[in-house]
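Inspection log for the structure reproduced underneath, given as structure tokens.
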Amino acid sequence: MIDKQILKIKGMKSLMGKLVGISFLQALFILFQCVFLSRVITNLFHGESLLTQSKYIFIFALCFVLRHLSHLVSEASASKFSASVGKKLRKRLMDKIYRLGPCLVKKEGTATLTVEAMEGISNIENYISIISIKIVEMMILPVILIVSIFYYDFTSGVILVLVFPIVIIFMILFGNAAKAKADKQFSGYKILSNHFLDSLQGLETLKIVGKSEKHSKNVFLVSEDYRKATMNTLKIAILSTFALDFFTTLSIAIVAVFLGLRLLKGEMMLYPAMTVLILSPEFFFPLRQFAEDYHATLDGKNAMKDLERIEKSTDLKIESKIKSSEFKLDDETQLEINNLSYKYDGSDIYALDNISYKHKGLGKIGIIGYSGSGKSTLLNILGGFLQAEDKAKIKINNTEINHFTQEGWQEDIIYIPQNPYIFSASILDNIRFYSPEATLEEVKEVSKKVGLYEFIEAMEDKFESKIGEGGRSISGGQAQRIAIARAFLCPDRKILLFDEPTAHLDIETEIELKKYILELSKGRLMFLSTHRLHWMKDMDEILVISNGKLVQSGNYKEISKQGGEFEKLVKRMRGDRIE
């Protein structure tokens with residue numbers, strides 16, 4: 001249940017120290033509460049009036065209130081700390097997603113990252129909040145209470161001390177079984193999340209090709225597997241709770257029997273016997289609370305491990321050699337790349353092999369090649385989503401860097417993939433993605449630029465119409481228009497990365513979007529990866545990639561005269577025979 005990782009969290013030791021002090025006071029309040037309750041019951045049994053017990057009743061009530069008040073203070077302190085940790089973790093995760101972009105999303109799955117950012121970190125907050133209190137209470141409360149029980153009756157203390165490790169052994173046995181089941185359940189939950197989200201996004205396509213009914217059976221089977229895993233976890237949880245309650249209740253019953261027999265024989269007075277009997281359940285209370293919360297915190301522990309795995313899933317180093325406050329892209333900016341190579345994990349073949357390239361200023365750079373030639377890999381490296389081997393030498397102006405995962409460079413980027421992400425939100429908020437402070441009038445203006453205005457005005461709620469998941473579905477061309485509108489609304493970002501932006505669109509829509517993209521590129525540095533040749537005439541420079549190598553570069557006229565790989569591409573696109 002306890003993950004050593006949480007003890008390394010900054011501020012955790014300080015919180016634990018605070019909770020130790022509060023738990024010590026709480027233990028004293030529990031002790032005095034039991035003592036004075038026992039005193040009242042004993043005195044009333046001996047025939048004293050209720051009125052004469054008023055001071056003991058008052059002290060008991062005060063201790064009762066202070067006991068619960070101290071626990072509330074512990075919970076408030078732990079909750080405040082866990083909320084601050086959750087905020088930092090969420091920021092770290094979102095920064096990781098922002099820095100690694102499509103590479104991380106592709107590797108982990110959209111649903112996994114969504115669940116981790118929303119439910120996962122909330123579970124971690126809950127885990128830290130609960131476990132920090134339970135650890136301290138387990139260390140403090142039982143020790144003080146068992147010492148008090150030994151003071152009043154040695155025999156009862158021995159019985160409780162002997163039963164305590166037995167209960168812990170059963171907790172460990174059932175806990176390990178529950179952990180194995182919970183791990184399986186959590187894995188099933190991630191599979192179900194990814195499967196459901198992928199199904200939801202492709203529902204329209206499945207319907208068109210007549211596969212929706214068949215696919216619904218797959219969703220049912222995945223859901224059924226998750227249900228079975230959940231039920232198996234619950235069985236273990238219920239069984240472990242039963243075992244814990246059984247042994248703690250049995251031990252208290254044994255103590256009560258021995259106390260009763262000794263009272264009957266006159267070997268013990270009522271007051272100490274009553275005090276021990278009231279203290280015994282309190283002795284086991286932290287342990288029972290610890291066990292009950294075990295299952296509630298397993299999700300948090302699993303989420304913490306998953307978050308740690310995501311953070312270590314790549315060895316990308318985020319640097320600030322190029323700071324956002326200092327970096328400015330203009331006509332004098334010089335970009336120089338030497339010996340840039342990249343190999344994907346588990347592959348012996350270089351996706352990019354010794355790429356060297358120089359460029360000055362702004363402009364439109366087309367990256368062209370066959371599918372699998374390395375175009376997208378180069379674009380991802382330029383975006384800082386991947387990092388080339390250390391032998392690469394990159395220079396931007398007078399700053400030497402090993403990769404593009406730089407604060408200033410990445411904050412100047414607008415990335416538009418084949419399928420731009422449309423959030424479950426209004427059209428207004430979707431367009432304002434890069435510029436949340438933009439006014440409605442500014443959004444209207446850019447929507448006119450990209451040919452969206454009439455489409456939006458025809459909708460019932462206009463710019464407040466909800467689109468994306470849970471809202472109205474839109475076509476691929478409309479999604480690309482929204483992505484381009486986002487870029488138009490953010491003129492401060494000067495680097496455009498287009499990864500096959502029109503690959504899945506019909507030629508009419510592509511030609512219409514082309515004029516918007518070319519207009520958008522004015523005054524910026526644009527890298528456009530595509531296998532569509534008609535874009536190349538509009539590029540200031542063309543990079544031809546083949547088998548991970550940069551085989552040709554130059555403007556359209558220069559490359560057309562060179563022949564080589566570019567000529568082969570042209571012939572293949574025309575359907576000519578290639579010798």
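Computed from a prediction, not measured in an experiment: that's the story for all the values here.
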Check [X] against [Y] and note the closest heavy-atom contact, atom names and distance.
X      : Y      : answer
Pro286 : Glu282 : CD-O, 3.2 Å
Ser156 : Val255 : OG-CG1, 3.7 Å
Ser251 : Thr248 : OG-O, 2.7 Å
Asp153 : Arg262 : OD1-NH2, 2.7 Å

Within this structure, what is the [atom1]-[atom2] distance for the pair [X] and [Y], rounded to the nearest 0.5 Å?
X      : Y      : atom1 : atom2 : result
Leu50  : Gln53  : CG    : CD    : 7.5 Å
Thr42  : Leu37  : OG1   : CG    : 9.0 Å
Met12  : Ser82  : CE    : OG    : 9.0 Å
Arg39  : Ile57  : CZ    : CD1   : 13.5 Å
Ile128 : Ser84  : CD1   : OG    : 8.5 Å
Phe404 : Leu497 : CZ    : CG    : 10.0 Å

Hey, can you tell me if Phe283 and Phe164 have their rings parallel, tilted or perpendicular (30° and 60° cut-offs)?
->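 Plane angle between 30° and 60°, so tilted.
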Any sub-3.5 Å donor-acceptor pair from [X]'s side-chain atoms to [Y]'s backbone N or O?
X      : Y      : answer
Arg486 : Asn430 : yes
Ser435 : Arg432 : no
Glu464 : Asp461 : no

Report the C-alpha distance between Ile482 and Ile467 in whole Å, list the side-chain angles of each, state the deciding distance to 0.1 Å, and finish with yes or no for side-chain contact (heavy atoms from CB on, under 4.5 Å).
-> CA-CA 11 Å; Ile482 288 175; Ile467 56 175; 3.7 Å; yes
Just do the side-chain contact (heavy atoms from CB on, under 4.5 Å) check on Ile427 and Met459 with the steps written out, would you?
-> CA-CA 11 Å; Ile427 294 178; Met459 299 175 74; 3.5 Å; yes
Count the heavy atoms of every other residue, nucleotide or ligand shown that sit under 6.0 Å from CZ of Phe45, and state whether that count exceeds 12.
->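 At most 12 heavy atoms, drawn from other residues, nucleotides or ligands, come within 6.0 Å of this atom.
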Test side-chain contact (heavy atoms from CB on, under 4.5 Å) on Val163 and Phe284 and set out the steps.
-> CA-CA 10 Å; Val163 172; Phe284 286 111; 4.2 Å; yes
side-chain contact (heavy atoms from CB on, under 4.5 Å) involving Leu261 - partner list, sequence neighbours excluded |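 Scan of Leu261 (side-chain contact (heavy atoms from CB on, under 4.5 Å), adjacent residues dropped) gives Val257.
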Among all residues two or more places apart in sequence or in another chain, which pass the side-chain contact (heavy atoms from CB on, under 4.5 Å) test with Thr249?
->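 Thr249: no side-chain contact (heavy atoms from CB on, under 4.5 Å) contacts found.
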Can I get a per-line list of side-chain donor-acceptor pairs under 3.5 Å for residues 268-281, giving both atom names and the distance, sequence neighbours left out?
residue	atom	partner	partner atom	Å
Thr275	OG1	Ser38	OG	2.8
Thr275	OG1	Tyr271	O	2.8
Ser280	OG	Val276	O	2.8

Are any non-hydrogen side-chain atoms of [X] and [Y] less than 4.5 angstrom apart?
X      : Y      : value
Leu160 : Ile149 : yes
Tyr415 : Gln410 : no
Val40  : Phe60  : no
Ile414 : Tyr434 : yes

Ignoring hydrogens and angles, write down the donor-acceptor pairs under 3.5 Å from the side chains of residues 13-35, residues two or more places apart or on other chains.
residue	atom	partner	partner atom	Å
Lys18	NZ	Ser77	OG	3.3
Ser23	OG	Leu19	O	3.0

Partners of Phe150 by ring-ring contact (aromatic ring centres under 6.0 Å, His included), sequence neighbours excluded?
->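 Phe154.
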Would you mind listing every salt bridge (charged side-chain N to carboxylate O under 4.0 Å, His left out) that reaches into residues 263-272, with sequence neighbours excluded?
->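 Qualifying pairs, neighbours excluded: none.
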